[in-house]
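This chain uses plain numbering: 1 for the first residue, then up along the sequence.
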Amino acid sequence: MSKIVVVGGGFGGVEFIQRISKMSKNLDITLFEREGDQTFRTELHKFACERIPPEAIKIPLSKILPPNVKLEKVAIDKVDLKGQKVFANGKSYDYDFLVVAAGSDPNFFGIPGMKENALSFWTIDDAVKINSRIKQIFKDVKQIQDPAERQKMLTIVVGGGGFTGVELMGELMEWVNKLCKENGILRKSVKLMIVEALPRILPNIEKEEVVNKAIKYMNEHGVEIKTNSMIVNVTSEGLTLKSGDFIPTKTLIWSGGVQANSFSNLLDLQKDKRGRIIVNEYMETSDPHVYAIGDIASYVDKSNKPMPGLVESAMQSAEIAAHNIVATINGKEKRPLNLNLHGNIVYIGKKYGVANIKSIGTFAGYRAIILKHLVNMQHMFHAGGFWLMWKYVKEQIL
């Protein structure tokens with residue numbers, strides 16, 4: 001019986017386990033996920049701004065994993081690649097194949113003061129801190145008389161205009177309206193801003209018309225968007241741009257980039273400059289007994305196009321890894337990854353979204369929100385069947 005150790009219970013890790021469990025019953029599978037739950041990270045912005053409860057972004061792995069899979073709620077602290085063992089909490093675990101699906105961590109790009117003074121936005125704890133900070137500011141500002149200090153407190157900046165930053169800002173737009181009413185603060189006194197180093201926000205969306213619709217909608221709802229604006233320094237009082245401009249703020253939320261999860265530091269494998277593990281078209285690493293999938297994997301196809309950090313990428317790479325491990329065990333032919341990404345949908349609050357879908361085209365408005373829900377429901381079904389899909393419907397739609 002082949003022993004498989006999986007590190008990470010996100011969409012990639014769970015998809016891998018579901019796939020390989022159907023392909024072969026003669027496997028001993030152990031999943032290491034310290035939290036014991038899968039975090040529905042693409043919905044964190046809703047939780048941070050109090051639109052959904054905490055249970056809506058937690059998927060209990062014990063309820064969705066096949067019964068033969070052992071779940072270890074501990075962190076691996078050492079990997080012996082030559083001996084094919086992992087070590088955790090004083091115990092060792094042998095493996096025939098190690099599948100790394102540990103995801104990514106925030107990347108602060110060495111910007112002075114960023115890690116110390118900005119609020120990162122990547123985990124449930126991060127979302128809780130953002131929620132607490134903003135609510136406290138709206139309470140405290142009522143006691144401040146100095147206009148400059150008040151404005152500094154009421155300026156909320158999101159660093160990074162990718163999917164995460166834009167979806168968080170869309171949620172903030174609506175939540176701030178509510179906070180202003182509750183605390184007797186004029187909405188026009190609150191500044192909301194996205195600061196992006198690249199020439200435009202949403203760089204992964206090819207169609208500029210889609211991006212322009214997103215910009216127009218956010219502008220209409222009081223959001224200022226600054227592109228070509230690289231942050232070079234952050235203090236507790238604000239941030240400095242490469243242009244020399246200083247933006248006073250007490251709240252900078254950083255969503256400007258990711259790097260490999262720190263678990264990659266335990267692995268003596270070939271990696272790229274962001275610490276991601278380099279894989280070939282079969283999802284194999286430089287060690288034939290180790291596979292990497294999802295965000296922690298660095299794959300560039302024959303046309304020199306890198307695999308993006310998307311849920312769809314994680315799930316497709318997981319399927320290929322599962323197929324190829326079973327093929328290796330059985331002496332069959334392996335299959336290369338041929339990414340077939342269907343497009344992108346971006347929330348900008350509860351009532352508006354933008355979409356760029358290969359088979360449908362581009363559109364905006366509430367139709368994009370409906371489609372996003374359908375896609376999420378499909379992901380839930382893949383991960384845990386009808387139970388998990390119904391859980392999503394109850395907590396996020398009904």
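K188 places no side-chain N or O within 3.5 Å of a backbone atom of G222 that could act as its donor or acceptor partner. Side-chain atoms of S255 come within 3.5 Å of backbone atoms of G159 as a donor-acceptor pair (strictly under, hydrogens ignored). Distance alone, capped at 3.5 Å, places no donor-acceptor pair between the N107 side chain and the G257 backbone. In this structure, the side chain of S132 does not engage the main chain of K129 through any donor-acceptor pair within 3.5 Å. When atom types are taken as modelled, the side chain of S21 and the backbone of Q18 share no donor-acceptor pair closer than 3.5 angstrom. Using a distance-only test at 3.5 Å, with no hydrogens or angles considered, a donor-acceptor pair links the side chain of R133 to the main chain of K250. N280 places a side-chain N or O within 3.5 Å of a backbone atom of E284 that can act as its donor or acceptor partner. Without hydrogens or angle criteria, E224 side chain to L192 main chain gives no donor-acceptor distance under 3.5 Å. Panel note: side chain H221, backbone Y217; a donor-acceptor pair is recorded below 3.5 Å. In this structure, E312 contributes its side chain and L341 its backbone to no donor-acceptor pair below 3.5 Å.
The 12-atom threshold is not exceeded at NZ of K82, counting heavy atoms of other residues, nucleotides or ligands nearer than 6.0 Å. Remark: K191 NZ is loosely packed, at most 12 non-hydrogen atoms of other residues, nucleotides or ligands lying under 6.0 Å away. Other residues, nucleotides and ligands place more than 12 heavy atoms under 6.0 Å from the NZ atom of K142. Residue N338 qualifies as open at atom CG: its count of foreign heavy atoms under 6.0 Å is 12 or below. Remark: N68 CG is packed, more than 12 non-hydrogen atoms of other residues, nucleotides or ligands lying under 6.0 Å away. Summarising the local packing, CE of M230 is surrounded by 12 or fewer heavy atoms from other residues, nucleotides or ligands at distances under 6.0 Å. Other residues, nucleotides and ligands contribute more than 12 heavy atoms inside 6.0 Å of the NZ atom of K70. Shown here is F109, whose CZ atom has more than 12 heavy atoms of other residues, nucleotides or ligands within 6.0 Å.
Looking at V79 and F263, their side chains come closer than 4.5 Å, going by heavy atoms from C-beta outward. At least one side-chain heavy atom of V190 sits less than 4.5 Å from a side-chain heavy atom of C180. Side-chain contact check for I4 versus T30: every heavy-atom pair is 4.5 Å or farther apart. Counting heavy atoms from C-beta outward, V354 and V166 have side chains that stay 4.5 Å or more apart. Contact of the I293 side chain with the V99 side chain is registered, since non-hydrogen atoms from C-beta on lie closer than 4.5 Å. Here the side chains of L154 and F138 are in contact, with some heavy-atom distance below 4.5 Å. Within the 4.5 Å cutoff, side-chain heavy atoms of V74 are placed close to those of F32. At a threshold of 4.5 Å between non-hydrogen side-chain atoms, the residues E171 and I348 do not count as touching.
A donor-acceptor pair shorter than 3.5 Å can be found between the side chains of K46 and Q396. N212 and K216 are not linked by any side-chain donor-acceptor pair at a separation below 3.5 angstrom, with hydrogens and angles left out of the test. Using a 3.5 Å distance cut-off with no hydrogens or angles, the side chains of D126 and S120 do pair a donor with an acceptor. Between the side chains of D96 and Q84, no donor-acceptor pair of N or O atoms lies under 3.5 Å. Side-chain N/O atoms of N177 and R187 include a donor and acceptor closer than 3.5 Å. Between the side chains of Q151 and S189, no donor-acceptor pair of N or O atoms lies under 3.5 Å. D272 and S298 share a donor-acceptor pair across their side chains, judged by distance under 3.5 Å alone. With no hydrogens or angles considered, no side-chain donor-acceptor pair links T123 and D125 at under 3.5 Å.
Stacking of K334 on the aromatic ring of Y282 is recorded, both the 6.0 Å distance cut-off and the 45° axial limit being met. Seen from the ring of F87, K78 counts as a face-on cation partner, given the 6.0 Å and 45° thresholds. A cation-pi arrangement, defined by a distance under 6.0 Å to the six-membered ring centre and an angle within 45 degrees of its axis, is present between R41 and W122.
Interatomic distance, OH of Y366 versus CG of L371, reported as 12.5 Å (0.5 Å rounding). We find the CG-CG distance between D80 and L98 to be 11.5 Å, quoted to the nearest 0.5 Å. In this structure, the separation between CG on L339 and CD1 on I320 is 9.0 Å, given to the nearest 0.5 Å. The line from CD of Q38 to CD of E35 is 12.0 Å long, rounded to the nearest 0.5 Å. To the nearest 0.5 Å, atom CD1 of residue I124 and atom CG of residue D37 are 7.5 Å apart. The OG1 atom of T235 sits 11.5 Å away from the CD atom of E116 when rounded to the nearest 0.5 Å.
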side-chain hydrogen bond (donor to acceptor under 3.5 Å, both in side chains) between T285 and Q270, worked out: CA-CA 7 Å; T285 71; Q270 291 180 7; over 6 Å; no
E43 vs R51, salt bridge (charged side-chain N to carboxylate O under 4.0 Å, His left out): CA-CA, chis, key distance, verdict: CA-CA 10 Å; E43 307 295 290; R51 180 142 68 95; over 6 Å; no
Salt bridge (charged side-chain N to carboxylate O under 4.0 Å, His left out) between E55 and K391, worked out: CA-CA 10 Å; E55 56 267 24; K391 179 179 183 292; over 6 Å; no
Evaluation steps, ring-ring contact (aromatic ring centres under 6.0 Å, His included), between H373 and Y392: CA-CA 9 Å; H373 281 311; Y392 176 87; 5.8 Å; yes
Criterion salt bridge (charged side-chain N to carboxylate O under 4.0 Å, His left out) on R19 and E15, from CA distance to verdict: CA-CA 6 Å; R19 293 278 184 176; E15 178 74 2; 2.8 Å; yes
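Classification of R276 and D295 as a salt-bridged pair fails, no side-chain N sitting under 4.0 Å from a carboxylate O. A salt bridge links E237 with K152; the closest basic N to acidic carboxylate O contact falls under 4.0 Å.
Closest heavy-atom contact between A214 and L202: CB-CD1, 4.0 Å. Taking every heavy atom of both residues into account, E33 and L61 meet most closely at CG-CD1, 3.6 Å. The two residues W254 and A118 make their nearest non-hydrogen contact at CB-CB, 4.1 Å. Across all non-hydrogen atoms, the minimal contact from I329 to L27 is CD1-CD2, 3.9 Å. Here the shortest heavy-atom pairing between E206 and R200 reads O-NH2, 3.6 Å. Heavy atoms only, all atoms of each residue included: A383 and V14 are closest at O-CG1, 3.8 Å.
When the options I201, I194, L241 are evaluated for a side-chain contact (heavy atoms from CB on, under 4.5 Å) with K226, the one that passes is L241.
Separation of the Y347 and Y352 ring centroids does not fall under the 6.0 Å cut-off. Residues Y95 and H289 keep their aromatic ring centres 6.0 Å or farther apart. For F47 and F40, the ring centers are positioned 6.0 Å apart or more.
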